[in-house]
Amino acid sequence: MNTTQSILENAKQSILSQSESIQKLTNYLTDDFAKTVQLIFESKGRLVVTGIGKSAIIAQKIVATLNSTGTPSIFLHAAEAIHGDLGMIQNGDLVLCISKSGNSPEIKVLAPIIKSFGTTLIGMTANTTSFLATSSDLVLHAHVDAECCPIGLAPTNSTTAQLVLGDAIAVCLMKLRNFQAEDFAKYHPGGALGKKLLLRVKDMLDNTHAPQVAPDASIKKVIMEISEKRLGVTAVIENGVVIGIITDGDIRRMLTDRETFSDLTAQDIMTKNPKSIASTVLVSEALDVLEDYKITQLMVIDNGTYKGVLHLHDILKEGIV
């Protein structure tokens, strides 16, 4: 077996080993998991998630996921906790402590102190007879048969199991809260994701560049309007109502099909009943319309009033796609 084949085979074995560990986790779900989710859901305080080593890194990810899905959470490093950071824990908080062995020195010091505060302690461990498990009010069993690393020591399957259990908690809480995309948007206002969930057509519409011509406008006037507004299109408006659309493609086809166009007007080459959208619609929904009809521009019309043109290129510039 050459080096490439060997690497790929090792990678496959690692992935398969971890996927099997995750699948087996369903066998270790108990009523304590349901009670944990219910406690967090009903809590007026925060969920403090703590751990040491690789478990601490997993704890940080769980906190990030919970915060972004509506559960106030903070990360507390187990080593720093016993050197002053225990002050982060407030009345009404719950503590989730993560440790594969459940017998780390820091955990043995931390768990009794947390209990002395009268705080509910939830232990996530692979060892249900460990110090953490026996000290906890509720136990989440993150069992794995073995690690997938060659020497069986590096946290791999075990940290994946912890991460999956944390995600399962978050998903269950989202279900209980009936957490919707609108709620998700509140916690993700920035970047492409925030724009996709929050940005509306009116937020990116340039009303000062709303190309329009009358039905009897000359072709020269149409070309000048399209060129000046630089959107590759113009609306044809009669009595304040959009009756058609002319694109730069319509102009090219006209020039190809005819020797002269001096006798033509806007209404002769326009497309009637153009696709349109309201300014209050999400830009992501407008993008779906553009893709469905394989077009690059949409007329923006509110209650019959022409507002402007939404162009695919503008959406691309915003990084929504």
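Please read all numbers here as calculations on a predicted model, not as lab measurements.
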Student: If you take all heavy atoms of Ile52 and Ala79, which pair is closest and at what distance?
Tutor: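 For Ile52 and Ala79, the tightest heavy-atom pair comes out as CD1-CB, 3.7 Å.
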Student: For Ser158 and Glu147, which I'm curious about, is there any donor-acceptor pair between the side chains at under 3.5 Å?
Tutor: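 Ser158 vs Glu147: donor-acceptor pair found between side chains.
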Student: Scan side-chain atoms only and decide if Thr69 and Arg177 contain a donor-acceptor pair under the 3.5 Å cut-off.
Tutor: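 There is no such pair (donor and acceptor under 3.5 Å, judged by atom type) between the side chains of Thr69 and Arg177.
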Student: Once the angle between the rings of His143 and Tyr28 is folded into 0 to 90°, is it parallel (under 30°), tilted (30 to 60°) or perpendicular (over 60°)?
Tutor: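 Tilted, since the angle between the ring planes falls between 30° and 60°.
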Student: Quick one: closest heavy-atom pair of Ile301 and Ser276, and the distance?
Tutor: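 Scanning both residues, the minimum pair turns out to be CD1-CB, 3.8 Å.
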Student: Return yes if some donor-acceptor pair links the side-chain N/O of Thr156 with the main-chain N/O of Ala154 below 3.5 Å, else return no.
Tutor: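 Looks like yes, one N/O pair under 3.5 Å.
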Student: Check this for me: Lys54, atom NZ, are more than 12 non-hydrogen atoms of other residues, nucleotides or ligands nearer than 6.0 Å?
Tutor: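 For Lys54, atom NZ is not crowded (no more than 12 foreign heavy atoms under 6.0 Å).
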Student: Output yes when a side-chain donor or acceptor of Ser227 lies under 3.5 Å from a complementary backbone atom of Met224, and no otherwise.
Tutor: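 No, the answer is negative, given that no donor and acceptor are paired below the 3.5 Å cut-off.
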Student: Is the side chain of Thr26 donor-acceptor paired with the backbone N or O of Gln23 at a distance under 3.5 Å, no angle test?
Tutor: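 Checking the backbone N and O of Gln23 against the side chain of Thr26, a donor-acceptor pair under 3.5 Å is found.
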Student: Decide yes or no for Ile122 and Val95: does some side-chain heavy atom of the first lie under 4.5 Å from some side-chain heavy atom of the second?
Tutor: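 They are not in contact (no side-chain heavy atoms under 4.5 Å apart), so the answer is no.
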Student: For a quick test of reading the model, state the closest non-hydrogen atom pair linking Phe33 to Ile169 and the distance between them.
Tutor: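 Taking every non-hydrogen atom into account, CE1-CG1, 3.6 Å.
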Student: Tell me yes or no: between the side chains of Thr305 and Asp302, is some donor less than 3.5 Å from an acceptor?
Tutor: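 Checked: Thr305/Asp302 side chains show no N/O donor-acceptor pair below 3.5 Å.
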Student: Working to the nearest 0.5 Å, report the span between CD1 of Ile98 and OG1 of Thr50.
Tutor: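 If I round to the nearest 0.5 Å, the distance is 8.5 Å.
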Student: Could you point out which residue of Leu312, Leu310, Asp314, Val309 forms a side-chain contact (heavy atoms from CB on, under 4.5 Å) with Gln297?
Tutor: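 When side-chain contact (heavy atoms from CB on, under 4.5 Å) is applied between Gln297 and each of Leu312, Leu310, Asp314, Val309, only Val309 qualifies.
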Student: Decide, yes or no, whether a salt bridge links Lys35 with Asp137 under the criterion of side-chain N to carboxylate O below 4.0 Å.
Tutor: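 Result for this pair is no, no salt bridge flagged.
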Student: Nearest 0.5 Å please: distance from the CG atom of Leu140 over to the OG1 atom of Thr36.
Tutor: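 It comes to 4.5 Å.
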Student: Looking only at side chains, do Thr119 and Asp93 share a donor and an acceptor under 3.5 Å apart?
Tutor: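 Short answer, no.
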Student: Over all heavy atoms of both residues, which pair between Ala286 and Val281 is shortest? Give the atoms and the distance, please.
Tutor: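 Closest heavy-atom pair between Ala286 and Val281: N-CG1, 4.3 Å.
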Student: Measure the CG-OG1 distance between Asp32 and Thr128 for me, rounded to the nearest 0.5 Å.
Tutor: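 Asp32 CG to Thr128 OG1: 11.0 Å, rounded to 0.5 Å.
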Student: Answer whether the closest heavy-atom distance between the side chains of Asp145 and Glu20 falls below 4.5 Å.
Tutor: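 No, their side chains stay 4.5 Å or more apart.
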Student: At what distance, to the nearest 0.5 angstrom, does CD1 of Ile22 lie from NZ of Lys24?
Tutor: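 Nearest 0.5 Å value for the CD1-NZ distance: 12.5 Å.
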Student: Quick check: closest heavy atoms across Ser43 and Leu94, and the distance to 0.1 Å?
Tutor: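 Residues Ser43 and Leu94, closest heavy atoms: CB-CD1, 4.0 Å.
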Student: Check whether Thr234 reaches the backbone of Gln212 with its side chain - one donor and one acceptor, N or O, closer than 3.5 Å.
Tutor: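 Looks like yes, one N/O pair under 3.5 Å.
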Student: Can you tell me if Asp206 and His209 form a side-chain donor-acceptor pair at under 3.5 Å?
Tutor: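 Looking only at side-chain atoms, His209 and Asp206 do form a donor-acceptor pair, the distance falling under 3.5 Å.
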Student: Measure from the side-chain N and O atoms of Ser14 to the backbone N and O of Asn10, and report whether any donor-acceptor pair falls under 3.5 Å.
Tutor: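 No, the answer is negative, given that no donor and acceptor are paired below the 3.5 Å cut-off.
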Student: With a 3.5 Å distance limit and no angle check, can you tell me whether Ser68 reaches the backbone of Thr65 through a side-chain donor-acceptor pair?
Tutor: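 Yes: the side chain of Ser68 pairs with the backbone of Thr65.
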Student: Is there a donor-acceptor pair under 3.5 Å between the side chain of Ser73 and the backbone N or O of Thr71?
Tutor: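 Yes.
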Student: Can you tell me how far apart CG (Leu163) and CD1 (Ile58) are? Round to the nearest 0.5 Å.
Tutor: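 Atom-to-atom, Leu163:CG and Ile58:CD1 are 5.0 Å apart.
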Student: More than 12 foreign heavy atoms under 6.0 Å from CD of Glu42: is that the case here?
Tutor: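 Yes.
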Student: Heavy atoms, side chains only, cut-off 4.5 Å: are Leu290 and Lys275 in contact?
Tutor: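 Not in contact.
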Student: Counting only heavy atoms from other residues, nucleotides and ligands, does the tally under 6.0 Å from CG of Asp31 exceed 12?
Tutor: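 It does not: Asp31 CG has 12 such atoms or fewer within range.
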Student: Looking only at atom types and distance, does a side-chain atom of Asn103 sit under 3.5 Å from a main-chain N or O of Ser130, one as donor and one as acceptor?
Tutor: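 Not a single qualifying donor-acceptor pair exists.
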Student: Using the rule given for side chain to side chain contact (heavy atoms under 4.5 Å, CB included), can you reason through Thr296 versus His313, listing the C-alpha separation, both sets of side-chain angles and the distance that settles it, and then say yes or no?
Tutor: CA-CA 8 Å; Thr296 56; His313 293 165; 5.7 Å; no
Student: Between the main-chain N or O of Val139 and the side-chain N or O of Ser136, is there a donor-acceptor pair closer than 3.5 Å?
Tutor: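 Answer holds: no.
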Student: Near Asn91 CG, under 6.0 Å, is it more than 12 heavy atoms from other residues, nucleotides or ligands?
Tutor: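 Counting neighbours around CG of Asn91, 12 or fewer heavy atoms of other residues, nucleotides or ligands fall under 6.0 Å, so no.
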Student: If I compare all heavy atoms of Asp216 with all of Thr265, which pair ends up nearest, and what's the gap?
Tutor: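 Minimum heavy-atom separation between Asp216 and Thr265: O-CG2, 3.7 Å.
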Student: Side chains of Gln5 and Glu9: is there a donor and an acceptor less than 3.5 Å apart?
Tutor: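 No pair is found: no donor N or O on one side chain lies under 3.5 Å from an acceptor on the other.
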Student: Is it true that Asn127 and Thr129 share a donor-acceptor pair across their side chains at a distance under 3.5 Å?
Tutor: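 The criterion, which ignores hydrogens and geometry beyond distance, is satisfied for Asn127 and Thr129.
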Student: Answer yes when Lys229 and Glu225 have at least one side-chain N-carboxylate O distance shorter than 4.0 Å, and no when they do not.
Tutor: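 The answer is yes: the pair qualifies as a salt bridge.
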Student: Taking the basic N atoms (NZ, or NE/NH1/NH2) and the acidic carboxylate oxygens, is any pair closer than 4.0 Å for Arg253 and Asp250?
Tutor: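 Yes, charged N to carboxylate O under 4.0 Å.
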Student: Check for a donor-acceptor pair, side chain of Ser6 on one end and backbone N or O of Asn2 on the other, with a separation under 3.5 Å.
Tutor: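 Side chain of Ser6 to backbone of Asn2: no pair is present.
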Student: For Lys202, I'd like to know if atom NZ has over 12 heavy atoms of other residues, nucleotides or ligands within 6.0 Å.
Tutor: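 Atom NZ in Lys202 is not crowded, with 12 or fewer foreign heavy atoms closer than 6.0 Å.
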Student: If you measure from the Lys or Arg side-chain nitrogens to the Asp or Glu carboxylate oxygens, is any gap between Arg252 and Asp257 under 4.0 Å?
Tutor: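 Answer for the salt bridge query: no.
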Student: How many angstroms lie between atom CD1 of Ile57 and atom CD1 of Ile62, to the nearest 0.5 angstrom?
Tutor: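 Answer for the CD1-CD1 pair, Ile57 versus Ile62, is 12.5 Å.
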Student: Can you confirm whether Thr271 sits close enough to Ile246 that some side-chain heavy atom of one is under 4.5 Å from a side-chain heavy atom of the other?
Tutor: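 Thr271 vs Ile246: side chains apart.
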